Amino acid sequence: MKSEGIIGHEYNLTRTDPSSKFSLEKSSPTSSLLKQTISIKTNKFPSKPINSTIHFRHQCGNLICTTLQENPSNKLKKAFQSLQNMDNNNSWLLAFFLPIIVTRAALFVGGGVTIGGGGVWIGGGINPTPSTPPGSPELNRAYTALQAWKSAITDDPLGITKSWVGPNVCSYKGIFCSDSSDFMGNPTGKVIAAVDLNHANLQGTLVKELSFLTDLSIFHINSNMFSGTVPSSFQKLSSLTELDLSNNHFSGPFPTTILYIPNLLYLDLRYNAFSGPIPENLFNKKLDAIILNNNLFNGELPENLGNSPASVINLANNKFTGTIPFSLSYMGIKEILFLNNQLTGCIPEGVGMWADLQVWDVSSNSLMGHLPDSLSCLSDIEVLNFAHNKLSGVLPDLVCSLKRLVNLTVAANFFSGLSQDCDNLFPGFDFSMNCIPGKEMQRPQPDCSAVPGSGLSCFRIPSAKPLVCGTLVGAQLGSIPIP
């Protein structure tokens, strides 16, 4: 299964060997620009004849299924015919190929979907009831877990859980199974590989028994009305790679049990009511996406935030205070959003080291001082938003001449001038409500007489212009802050 991350990364959901757990392997990014997503897109698994090649994308916390149009049934028929025509001397091939063909034939069951290693997605309430009920220990435990969860769901206006009856959990709506096999490739039965209940309008709580789903790789329940918090038993979900709890009514402190889910890659908690500080250890985990926007988190940003290997960090629309921490470890970050918090102080000079950065939004805070020249080192930057802060000085040519920049916003600050390159910039440049003489839609003169933070001393690299980005690290480490 391929899954595309919020910024366009693709993942392959595979087993390294038949007896191992499913894992997500990231390939190169396929797109560059993070789209601000206010509403979460509807997720649907279309019921179609299954095809020989299945592609899944992951976008904003949802699985989106696309398929090719060639039905492989003829291929399977031809394979069976070929085996039937074998003479006795080649009968050993039948014993070798038959399990493979049976696995491929399973693709036709209820619109199942391949997810790697010959596995099969089965679920969504579209599968016929098998002639014999599943009896594997894994599915028996899954039955216990889902029945416990069903008991904790207090409102189900769409009738999703009406299908959650009987031991065949792979026929439950929103539950997706995969064929499992041992280290020899022999089928060992089905396991639950994904829960996808996005936009189901369910109300209730999560239960500790969900930790019984030890083969679960994807847990998506965005856009429901679940409340409470995340059970501590979730740390036992050793195969879980994607956790999307966004757009619910969860509350309380950051659910630290998430920090102990060993293989988690994608974390989305946005649009809930979580509060308090975020733990430092969050940024020591090997997450590719950390999405915490639109909660009630507060406190200062952890100093080790730059340790995270994530390509997307979204902390927007919370109540964070203090300064923006600088770390030389930000090298892989592509999109980082701090907008609409209560951050103060200067923009750190070291932002020029974030060489892969494409989107940076620090708007609607209380940042002061001048923009650092090191911003000119952001050769891949496409979106810069400094609007609604207390920044001042002259907007430098080095920033406005960035070749890939398509949107620069400095509105509602206290900038006193534009360099020549900035004055001739593209239509996507908003410099309204500043203190720039001769420009329209600027602040009244009395507002510009006392620039906020005029006495603030920001750390600056004492080097001659033009700034040589390759020497930025040495300058950063060797310089002493201006007293």
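Predicted, not measured: the structure shown is a model, and the values here were computed from it.
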Legend entry - Ring center gap for Trp149 and Phe219 short of 6.0 angstrom: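 When the ring centroids of Trp149 and Phe219 are compared, they turn out to be within the sub-6.0 Å range.
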Inset, instruction - Could you tell me whether the side chain of Leu206 reaches within less than 4.5 Å of the side chain of Ile221, counting heavy atoms only? - result: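 Yes, at least one pair of side-chain atoms sits under 4.5 Å.
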Inset, instruction - State, yes or no, whether a side-chain contact exists between Val451 and Ser416 at a heavy-atom distance under 4.5 Å. - result: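 A side-chain contact under 4.5 Å is absent here.
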Inset, instruction - Check step by step if side chain to side chain contact (heavy atoms under 4.5 Å, CB included) holds for His199 and Asn222. - result: CA-CA 6 Å; His199 296 268; Asn222 80 51; 3.7 Å; yes
Inset, instruction - Taking all heavy atoms of Asn389 and all of Asn365, pick out the closest pair and write down the distance. - result: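 Where Asn389 meets Asn365 most closely, the heavy atoms are OD1-C, 3.0 Å.
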Inset, instruction - Please work out whether the ring planes of His220 and Tyr266 are parallel, tilted or perpendicular, with thresholds of 30° and 60°. - result: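 Tilted: the ring planes of His220 and Tyr266 meet at 30° to 60°.
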Inset, instruction - Please state whether the rings of Phe254 and Phe297 are parallel, tilted or perpendicular, taking 30° and 60° as the class boundaries. - result: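 It falls in the tilted class, 30° to 60°.
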Legend entry - Non-neighbouring partners of Asn340 that pass side-chain hydrogen bond (donor to acceptor under 3.5 Å, both in side chains), sequence neighbours left out: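 Here the qualifying residues are Asn317.
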Legend entry - Single hit among Leu339, Leu343, Leu305 for side-chain contact (heavy atoms from CB on, under 4.5 Å) with Leu315: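 The passing option is Leu305.
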Legend entry - Nearest-0.5 Å distance that lies between atom CG in Asn295 and atom CG in Leu269: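 Separation between the atoms: 6.5 Å.
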Legend entry - From CA spacing to verdict: side chain to side chain donor-acceptor pair (under 3.5 Å), Ser311, Asp288: CA-CA 6 Å; Ser311 55; Asp288 185 57; 3.0 Å; yes
Legend entry - Under the side-chain contact (heavy atoms from CB on, under 4.5 Å) test, residues paired with Thr161 that sit two or more places apart: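 Thr161 satisfies side-chain contact (heavy atoms from CB on, under 4.5 Å) with Lys150, Ile153, Asp156, Trp164 only.
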Inset, instruction - For side chain to side chain donor-acceptor pair (under 3.5 Å), just list the numbers for Thr257 and Ser232, CA-CA rounded to whole Å, side-chain angles, deciding distance to a tenth of an Å, and then say yes or no. - result: CA-CA 5 Å; Thr257 188; Ser232 60; 5.6 Å; no
